[in-house]
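Please read the structure below before turning to the comments.
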Amino acid sequence: MRAVITVIGKDQVGILAGTSAEVSKARGNIVEVTQSVLQDFFAMIMLIDITEMNISIDQLRENLKKNVKGMDIHVMHEDIFNTMHKI
């Protein structure tokens, strides 16, 4: 099972480090990540394997929002993400 994490906001030091640290603490495995900085704005999409995760997706979302400050962060199961983006 996998989940998608999106992080968007004003660029600052430590966004990727903070996000990956929280995923690691939850025993999630980062499968793929893409990020871009456009002028002062940061955007990242991270695909994680949640098979071994020791907390819920909701708790991971709360941990990310608490520890990666000032960013718009979404975490959703891959099935929900795929369903939302079907034409």
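Start at 1 with the first residue, then count along the sequence. Bear in mind that the values here come from a model prediction, so they are computed numbers and not experimental data.
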Problem set entry | Under-4.0 Å salt bridge between Lys65 and Glu62 |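 Salt bridge absent between Lys65 and Glu62.
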Exercise. Excluding sequence neighbours, so at least two apart, what forms side chain to side chain donor-acceptor pair (under 3.5 Å) with Asp58?
Worked result: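 By the side chain to side chain donor-acceptor pair (under 3.5 Å) rule, Asp58 matches Arg61.
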Problem set entry | Leu64-Val4 co-clustered via ILVMFWY side chain contacts under 4.5 Å |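 The answer is no; the residues belong to distinct hydrophobic clusters.
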Exercise. Is there side-chain contact between Val33 and Thr19, with at least one heavy-atom pair below 4.5 Å?
Worked result: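 No, their side chains stay 4.5 Å or more apart.
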Heavy-atom closest contact ([X] atom, [Y] atom, distance):
X     : Y     : value
Asp49 : Met1  : OD1-O, 3.3 Å
Val68 : Gly18 : CG2-C, 3.8 Å
Leu60 : Glu22 : CD1-O, 3.9 Å

For this session: Given side chain to side chain contact (heavy atoms under 4.5 Å, CB included), test Asn63 with Ile55 step by step and report yes or no.
Result: CA-CA 10 Å; Asn63 292 353; Ile55 61 175; 3.6 Å; yes
With a cut-off of 3.5 Å and sequence neighbours excluded, list every side-chain donor-acceptor pair involving residues 69-77.
| from | atom 1 | to | atom 2 | distance (Å) |
| --- | --- | --- | --- | --- |
| Lys69 | NZ | Lys66 | O | 2.6 |
| Asp72 | OD1 | His74 | NE2 | 3.2 |
| His77 | ND1 | Asp79 | N | 3.1 |

Contacts under 3.5 angstrom, residues 38-48 side chains, donor-acceptor by atom type, not counting sequence neighbours:
none

